[in-house]
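So the structure is just underneath, and the comments pick up after that.
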Amino acid sequence: MQETAERLLIIDDDEMFCHVLDRALSRRGFKVLVAHDAAQALFLARRHQPQLATLDLKLEHESGLKLLPELLEIVPACRVVVLTGYSSIATAVEAIKLGAVNYLCKPADADEVLGALSRAEGDPETVVADNPPSINRITWEHIQKVLQEHDGNISATARALGMHRRTLQRKLQKRPVRR
């Protein structure tokens, strides 16, 4: 008997989020696989060759951006959507450059995830905000960009930004500022 359900790999360290998304996608006919870290994700990718994947940008001790190329090397045709509660322009651009087909801010439900996985092209009808981002948001974006440039190294990023490492760590522990 041949398996017809598409395999979808969820890579996220938030167990509750994984459970909810797993149930919702399983009900929609997907064969769902769940990994909570990079090693587990790569093992499942090699073994099951998923067609689709969601990848958390910020795994507990790892960066989803570092995992993305490794995942796509194992399964080049896999369509990956990066999910994050810490969105920034810099990480969105990097995720797309590294091969993600889309980038979503958490919380995202199963319909949003499937919509992002199925979209092959950009949407010119996307609403553009009338007001510019706040100074706090611009600061958050800049910190994320510099952090990305230094491969997630907090000490190097703090030096580049001219701030104390502990100050940077405190800023990074906070949720990103909304517009």
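One-based numbering along the sequence shown.
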For residues [X] and [Y], determine if any side-chain heavy atom of one lies less than 4.5 Å from a side-chain heavy atom of the other.
X	Y	value
Ile89	Lys145	no
Thr139	His142	no
Leu57	Leu83	no
Leu9	Leu71	yes
Ile154	Leu147	yes
Ile11	Leu59	yes

Can you pull out every side chain to side chain donor-acceptor pair (under 3.5 Å) where at least one residue sits in residues 90-100? Sequence neighbours excluded, please.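 Residue pairs passing side chain to side chain donor-acceptor pair (under 3.5 Å), neighbours aside: Ser88-Thr91, Thr91-Tyr103.
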Qualifying side chain to side chain donor-acceptor pair (under 3.5 Å) pairs with a residue from residues 39-48, counting only residues at least two apart or across chains: none
Inter-residue atom distance [X].[atom1] - [Y].[atom2], 0.5 Å rounding:
X	Y	atom1	atom2	result
Phe30	Ile10	CZ	CD1	10.5 Å
Ser118	Arg79	OG	CZ	7.5 Å
Leu8	Leu117	CG	CG	6.0 Å
Arg159	His164	CZ	NE2	12.0 Å

Do [X] side-chain atoms and [Y] backbone N/O form a donor-acceptor pair below 3.5 Å?
X	Y	value
Gln51	Arg7	yes
Asp151	Asn153	no
His150	Thr157	no

Quick check on the hydrophobic clustering: are [X] and [Y] connected, directly or via other members, by side-chain heavy-atom contacts under 4.5 Å?
X	Y	answer
Val101	Leu72	no
Leu52	Leu21	yes
Val80	Leu33	yes
Met163	Val146	yes
Leu65	Ile74	yes

Partner set under salt bridge (Lys or Arg N to Asp or Glu O under 4.0 Å) for Arg165, not counting sequence neighbours: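 Partners of Arg165 under the salt bridge (Lys or Arg N to Asp or Glu O under 4.0 Å) test: none.
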How close do [X] and [Y] get, counting heavy atoms only, and between which atoms?
X	Y	value
Pro50	Val75	O-CG1, 3.2 Å
Leu55	Gly64	CD2-O, 3.2 Å
Ala95	Val82	CB-CG2, 3.8 Å
Val81	Val113	CG2-O, 4.5 Å
Gly99	Leu68	N-CD2, 4.3 Å
His36	Cys18	CE1-SG, 3.8 Å

Partners meeting side chain to side chain contact (heavy atoms under 4.5 Å, CB included) with Arg23 (sequence neighbours left out):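 Once residues adjacent in sequence are excluded, the partners of Arg23 under the side chain to side chain contact (heavy atoms under 4.5 Å, CB included) criterion are His19, Arg27.
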My understanding is that only residues two or more places apart in sequence, or in another chain, count here; which of them pass side chain to side chain contact (heavy atoms under 4.5 Å, CB included) with Glu73?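 None.
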Looking at Asp56 and Lys106, does any basic side-chain N land under 4.0 Å from a carboxylate oxygen?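 Yes, charged N to carboxylate O under 4.0 Å.
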Residue pairs, two or more places apart or on separate chains, that pass salt bridge (charged side-chain N to carboxylate O under 4.0 Å, His left out) and touch residues 58-72: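 Matches after skipping sequence neighbours: none remain.
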